[in-house]
Amino acid sequence: MKTGTTPLSVDRGIALDHWSSDSVTGIEIPLVSVVMPVRNGGAHLKSAVLSVVCQTFRDWEMLVIDDGSSDSAVEQIVAMQDPRIRVIRHGLSCGIAVRLNEGIAISRGRYVARMDADDIAFPTRFTKQLELLSHDERLDLVGVAIAAIDDNDKLVGIPPCEFEHEKICARPWRGFHLAHPGWMGRTSWFRANLYREPAPYACEDQELLLRTYTHSRFACVPEILLGYRLRHHVDWSKLARTRRAVLQFQLRHFASVQAWRDAGLALACYGLRSWRDAWTRWRGQNFFPGAGVARSEQLANEWGEVLRTLHQVALSGRKP
């Protein structure tokens, strides 16, 4: 690890009684390790962490890895004093790929779950993903369908999603509809397939999926189980830079396996997306369409219940 020489400060809790125990060391081990890199988590960090605390599945540990934050948001997580949560501090910013690889290396669970510092998980997310992973030993990585939310926790859109490996990976030149903060996979798979360092700009997940999809197996829970945060204003320059980064590693990969047709399709897809981005920006439209949200009364009710639960837990200061 690049951060191996950096001194660490870790706020640790006492393991919960219901965790399993390693028969050799006697150390209690959770089934799931939740890895959340944080840099200036701001007002949304506590809600993101509370959405993990409110999971119906409770046999987890959470690694909140502070990537050189300059705000005080992480202090709120330390103050929660939940024994399942470890806050790891470095004082330096090394980027999300380095922090993810670090979290994977120190995870104790059989599975690793991803979580971003501004998203909100539905309470049954971990339960549903574990059901899928336990029922099919061929699966390495499982995602969830997502709903886009804005800075005010309002539902604003439903991004596209595929559920079976063959459909997720049908068009590698187009990318993979498998939202990164919703991943849960076998720890052994993550350790065998670490994130690339240095990571391509804002698309480390797509690079990892492209690098592994031919010898791995993915799936997605066919229901919305994550509120995926979108900023009120799209950073178009960042989006353009991300598009270019994706194209660059796609072309390198397809050239390495002599998949010239896929390379050509990746170029065409890049051109089409760039044109669409420019058109969307010119018209002042949202990045994701919101029509599906307006029609889904069930989703609106479920989302409202998620927010009410988080609010009540935050006010009470108690675990649900």
### Task
Might you point out which heavy atoms bring V144 and C220 nearest each other, and give the distance in Å?
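Looks like C-SG, 3.4 Å.
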### Query
Residues two or more places apart in sequence or in another chain: which of them pass salt bridge (Lys or Arg N to Asp or Glu O under 4.0 Å) with D235?
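D235: no salt bridge (Lys or Arg N to Asp or Glu O under 4.0 Å) contacts found.
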Shared-cluster residues of [X], by chain and number - hydrophobic side chains joined below 4.5 Å:
X: L272; answer: none
X: L247; answer: L251, L267, Y270
X: W260; answer: none

Side chain proximity check, [X] to [Y], heavy atoms < 4.5 angstrom:
X: D118; Y: L45; answer: no
X: W282; Y: D277; answer: no
X: R243; Y: R273; answer: yes
X: L100; Y: R114; answer: yes

### Query
Among R110, R84, R108, which one satisfies salt bridge (charged side-chain N to carboxylate O under 4.0 Å, His left out) with E61?
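By the salt bridge (charged side-chain N to carboxylate O under 4.0 Å, His left out) criterion, E61 pairs with just one of R110, R84, R108: R108.
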### Query
Stepwise, does the side chain to side chain contact (heavy atoms under 4.5 Å, CB included) test hold for H253 with E207?
CA-CA 9 Å; H253 174 78; E207 191 278 334; over 6 Å; no
### Query
Using 30° and 60° as the class limits, which term best fits the ring planes of W183 and F190: parallel, tilted or perpendicular?
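Taking F190 first and then W183, their aromatic rings sit tilted (interplane angle of 30° to 60°).
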### Query
When you check the gap from the basic side-chain N to the acidic O, do E166 and R217 get nearer than 4.0 Å?
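R217 and E166: salt-bridged.
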Please answer whether the main-chain N or O of [Y] pairs with a side-chain N or O of [X] as donor and acceptor at a distance below 3.5 Å.
X: D150; Y: N152; answer: yes
X: S51; Y: A48; answer: yes
X: N40; Y: S70; answer: yes
X: D116; Y: D119; answer: no
X: D71; Y: G42; answer: yes
X: Q55; Y: F126; answer: yes
X: R244; Y: Y201; answer: no

### Query
With the 4.5 Å side-chain cut-off for hydrophobic clustering, are L178 and F163 part of the same group?
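Looking at the clustering, F163 is in a separate group from L178.
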### Task
Could you note down all residue pairs passing salt bridge (Lys or Arg N to Asp or Glu O under 4.0 Å) where residues 120-135 supplies at least one of them, sequence neighbours left out?
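Only K128-E223 qualify under salt bridge (Lys or Arg N to Asp or Glu O under 4.0 Å).
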### Query
Given the rule in the ring-ring contact (aromatic ring centres under 6.0 Å, His included) test, do F218 and Y213 qualify, once you have shown the distances and angles that lead to the verdict?
CA-CA 8 Å; F218 312 140; Y213 82 97; 7.7 Å; no
### Message
I'd like to know whether M115 forms a side chain to side chain contact (heavy atoms under 4.5 Å, CB included) with L226, so could you lay out the CA-CA distance, the side-chain angles of the two residues, the decisive distance to 0.1 Å, and finally the verdict.
### Response
CA-CA 10 Å; M115 187 70 189; L226 184 76; 4.2 Å; yes
### Task
Answer yes if the side chains of S93 and D67 hold a donor-acceptor pair under 3.5 Å, and no otherwise.
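Indeed, the side chains of S93 and D67 share at least one donor-acceptor pair under 3.5 Å.
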### Task
Taking side chain to side chain contact (heavy atoms under 4.5 Å, CB included) as the test, write out the residues that go with L265, two or more places apart.
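Side chain to side chain contact (heavy atoms under 4.5 Å, CB included) list for L265, sorted by chain: W173, R261, D262.
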